[in-house]
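Beneath this line is the structure, given in structure tokens, with notes to follow.
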Amino acid sequence: TPHRRELGRLVGMLDTPPASLVEQLDASRKIIWADGGSELVVVAKSTATACVGVQKAVLPKPGPATLATAGSGDVLSGIIAGRLALVGGTSDDLPVFCALSCEVHAYAGQLAAEKFGTRGVLASDISDAIGLAADTIEEQIAFPVDTMAE
């Protein structure tokens, strides 16, 4: 789950980290193909996050600015790892799976911001909101709101 500077370091772009989404996608693909194209997904974090797998990239809905706090990426990694453990360590579609985890993370960040303000959120506040965020996101998936009605 590297942010753009970490992603740049991973692919040898120390002085000029990927600045655009296209550059993030290219850098992420370099990592994936350096690994031989295995079941690896790079979650390249920025204002537009990309969950990049071997065959596709999924762009989850952007989260709030509160996710830019120190340790927030570690919370995201924990969400992904925890959700993988719940499904037995495998998924049919890892980029989509990671994008769902990003959505949960983003909503947890939003809930934390509502409680503590946009400048007062700590990573622990985001992790405290994961359960409620996951319940809400999963309920929306199971019972999608019909926006076309009426």
Side-chain angles (χ1 to χ4, degrees), residues 1-113 121 123-148:
T1 60
H3 58 64
R4 66 182 202 88
R5 291 202 184 276
E6 292 169 333
L7 185 59
R9 282 194 297 267
L10 289 169
V11 296
M13 300 170 64
L14 298 172
D15 297 327
T16 57
S20 70
L21 180 58
V22 171
E23 290 176 357
Q24 282 180 269
L25 291 169
D26 288 342
S28 297
R29 286 186 184 109
K30 286 180 185 176
I31 294 169
I32 291 165
W33 289 111
D35 184 53
S38 68
E39 289 299 312
L40 178 69
V41 173
V42 175
V43 179
K45 303 175 309 190
S46 189
T47 53
T49 295
C51 301
V52 184
V54 174
Q55 296 186 8
K56 68 176 150 185
V58 179
L59 306 176
K61 181 175 146 184
T66 55
L67 297 180
T69 192
S72 175
D74 298 322
V75 173
L76 174 58
S77 295
I79 291 171
I80 294 169
R83 294 180 75 79
L84 273 172
L86 287 173
V87 297
T90 186
S91 171
D92 292 337
D93 194 336
L94 284 174
V96 170
F97 183 90
C98 289
L100 173 60
S101 297
C102 289
E103 296 269 347
V104 169
H105 183 245
Y107 191 57
Q110 181 63 41
L111 292 173
V121 173
S124 59
D125 301 325
I126 297 168
S127 65
D128 288 344
I130 291 170
L132 182 57
D135 288 350
T136 302
I137 296 291
E138 289 168 6
E139 182 178 301
Q140 290 175 359
I141 292 170
F143 305 104
V145 177
D146 185 5
T147 58
M148 301 302 281

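Nothing fancy with the numbering, it's 1 onward along the sequence.
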Taking every heavy atom of A123 against every heavy atom of V75, the minimum-distance pair comes out as O-CG2, 3.6 Å
Is there side-chain contact between F97 and V87, with heavy atoms separated by less than 4.5 Å? yes
Taken in chain and number order and not counting sequence neighbours, the residues that satisfy side-chain contact (heavy atoms from CB on, under 4.5 Å) with I137 are L100, V104, Y107, Q140, I141
Between Q24 and K45 the two heavy atoms that sit nearest each other are NE2-O, 3.6 Å
Rounded to the nearest 0.5 angstrom, the CG-OG distance for L94 and S101 is 10.0 Å
Fill in: Side chains of L111 and D128 in contact at under 4.5 Å (non-hydrogen atoms)
no
CD1 of I79 to CD1 of I130, rounded to nearest 0.5 Å, is 4.0 Å
Original post:
Short question: side chain of S72, backbone of A68 - any donor-acceptor pair under 3.5 Å?
Top reply: no
Notebook entry, point to check: Is the shortest heavy-atom distance from the side chain of T66 to the side chain of D125 under 4.5 Å?
Noted result: no
Separation between CG (L67) and SG (C102), nearest 0.5 Å, reads 9.5 Å
Between A108 and A133, the two heavy atoms sitting closest are N-CB, 3.5 Å
Notebook entry, point to check: Looking at side-chain heavy atoms only, is the closest gap between P17 and L7 below 4.5 Å?
Noted result: no
Under 3.5 Å donor-acceptor pairs involving side-chain atoms of residues 49-64, not counting sequence neighbours:
from, atom 1, to, atom 2, distance (Å)
T49, OG1, S46, O, 3.4
K56, NZ, D93, OD1, 3.4
K56, NZ, D93, OD2, 2.5

One should read off an interatomic distance between I32 CD1 and E39 CD, to the nearest 0.5 angstrom, of 10.0 Å
CG (L10) and CD1 (I31) are apart, to the nearest 0.5 Å, by 4.5 Å
Minimal heavy-atom distance between T1 and G73, with the atoms involved, is OG1-O, 3.7 Å
Residues passing the side-chain contact (heavy atoms from CB on, under 4.5 Å) test with R9, sequence neighbours excluded, are R5, E6, L14
Rounding to 0.5 Å, atoms CZ (R4) and OG1 (T16) come to a distance of 10.0 Å
